[in-house]
Structures are given as structure tokens and as C-alpha cells.
Amino acid sequence: MSEHPDITLVRQWWDACMKDLDAAGAMMTADVMHHVPGTHPLAGHYKGRDTVLQMYRQFGDLIKNMEFGPVTMLTDGRGHVLAVSHNRYERQDRGIELHEGLLFTITGGKISDIDEFTENIEASDTFWS
């Protein structure tokens, strides 16, 4: 059984995010939205490819070490992919380990919306603050 094209796109995007943000950006629409939950300084709604990539760079600048990868990817076959991952982050004198989810909307073969979820919003807010 072959992988659904939407899952393939998200998997390729995920891999590109770890190696080449410009390549990841090419897989997103120009007006992509990324929604980051919480109340920490980087939480919010980011619109536009350049703005989203800059936010990724800001997160990356804060992290000393990370293990980040999808555990499970699911699709509805109608332009949505849910990626659930188990992540470990370290920054300065603290670390965090938790499950997170990203809900992707695919439009015209590109990622147009990313909605982020976390299993422990309070711990996430504390870590990123």
C-alpha cells in the first residue's frame, strides 16, 4: 500500500525543517498560517511564509539540543494531515519532553495552515518563557 500524497508532503516538509528551512518554505503557500498555542513569547498566529520561517528560526535559536520527529501521521484524504510527535528540547538550564501534534491543511499540493497542539500547555509555556 502506498503512502497518501498529503502524508508524503508533510514527511518531506518535516525532513526539510531539520535540514533546510528554505526547502521547507517552498512546500508552503505564500500565505501559510502557523498557530502556536500558549502564552509564552513565541505563542501566536503567524501569517506568511517569511513570517513563519522567521518564527521557526526564533525557536531554533532558543534550543540547545532537540530530538524531534513524527511518531504517527494520519490523513482524512481531504487535505488534512495530523502528525503526532514525541519531542525533547533543551535550552539553557532546562529541558522538556512531551507529545505534540500538528494539524496540517494542504491546498493545491502545498501546506497552507499548521495548527499546533501540546499535551501540557502549562509546562510548554514555562519552558519557552
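What you see is a predicted model, and the numbers here were worked out from it, not measured in a lab.
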Can you tell me how far apart [atom1] ([X]) and [atom2] ([Y]) are? Round to the nearest 0.5 Å.
{"X": "Q58", "Y": "W128", "atom1": "CD", "atom2": "CH2", "result": "11.0 Å"}
{"X": "R11", "Y": "E3", "atom1": "CZ", "atom2": "CD", "result": "4.0 Å"}
{"X": "H86", "Y": "T72", "atom1": "NE2", "atom2": "OG1", "result": "12.5 Å"}
{"X": "T126", "Y": "I96", "atom1": "OG1", "atom2": "CD1", "result": "8.0 Å"}
{"X": "T105", "Y": "D6", "atom1": "OG1", "atom2": "CG", "result": "10.0 Å"}

Residues which pass side-chain hydrogen bond (donor to acceptor under 3.5 Å, both in side chains) with D20, listed by chain and number, not counting sequence neighbours: none
Report the residues that fulfil side-chain hydrogen bond (donor to acceptor under 3.5 Å, both in side chains) with Y46, sequence neighbours left out, ordered by chain and then residue number. none
Is there a side-chain contact between [X] and [Y] (heavy atoms, below 4.5 Å)?
{"X": "I114", "Y": "W13", "answer": "yes"}
{"X": "L98", "Y": "T118", "answer": "yes"}
{"X": "F127", "Y": "H40", "answer": "no"}

List for me each residue that meets side chain to side chain contact (heavy atoms under 4.5 Å, CB included) alongside L9, sequence neighbours excluded, and say none if there are none. M27, I106, I111
Can you name the closest pair of heavy atoms from G38 and D125 and give their distance? CA-OD1, 3.2 Å
Give the minimum heavy-atom separation between A16 and A24, together with the two atoms involved. CB-N, 3.6 Å
Going through the checks in order, is the salt bridge (charged side-chain N to carboxylate O under 4.0 Å, His left out) test met by D50 and R57? CA-CA 11 Å; D50 292 339; R57 288 181 180 97; over 6 Å; no
Can you pull out every salt bridge (Lys or Arg N to Asp or Glu O under 4.0 Å) where at least one residue sits in residues 86-115? Sequence neighbours excluded, please. E67-R88, R88-E97
Under 3.5 Å donor-acceptor pairs involving side-chain atoms of residues 59-66, not counting sequence neighbours:
none

Side-chain heavy atoms under 4.5 angstrom apart, residues restricted to Ile, Leu, Val, Met, Phe, Trp, Tyr: same cluster for L102 and L21? yes
According to a 4.5 Å side-chain heavy-atom criterion applied to Ile, Leu, Val, Met, Phe, Trp and Tyr, with indirect links allowed, do M33 and L103 form part of one hydrophobic cluster? no
Sorted by chain and number, sequence neighbours left out, ring-ring contact (aromatic ring centres under 6.0 Å, His included) with H35 holds for H45
I'd like to know if the side chain of S112 reaches the main chain of V32, judged simply by a donor and an acceptor atom lying under 3.5 Å from each other, with no hydrogens or angles considered. no
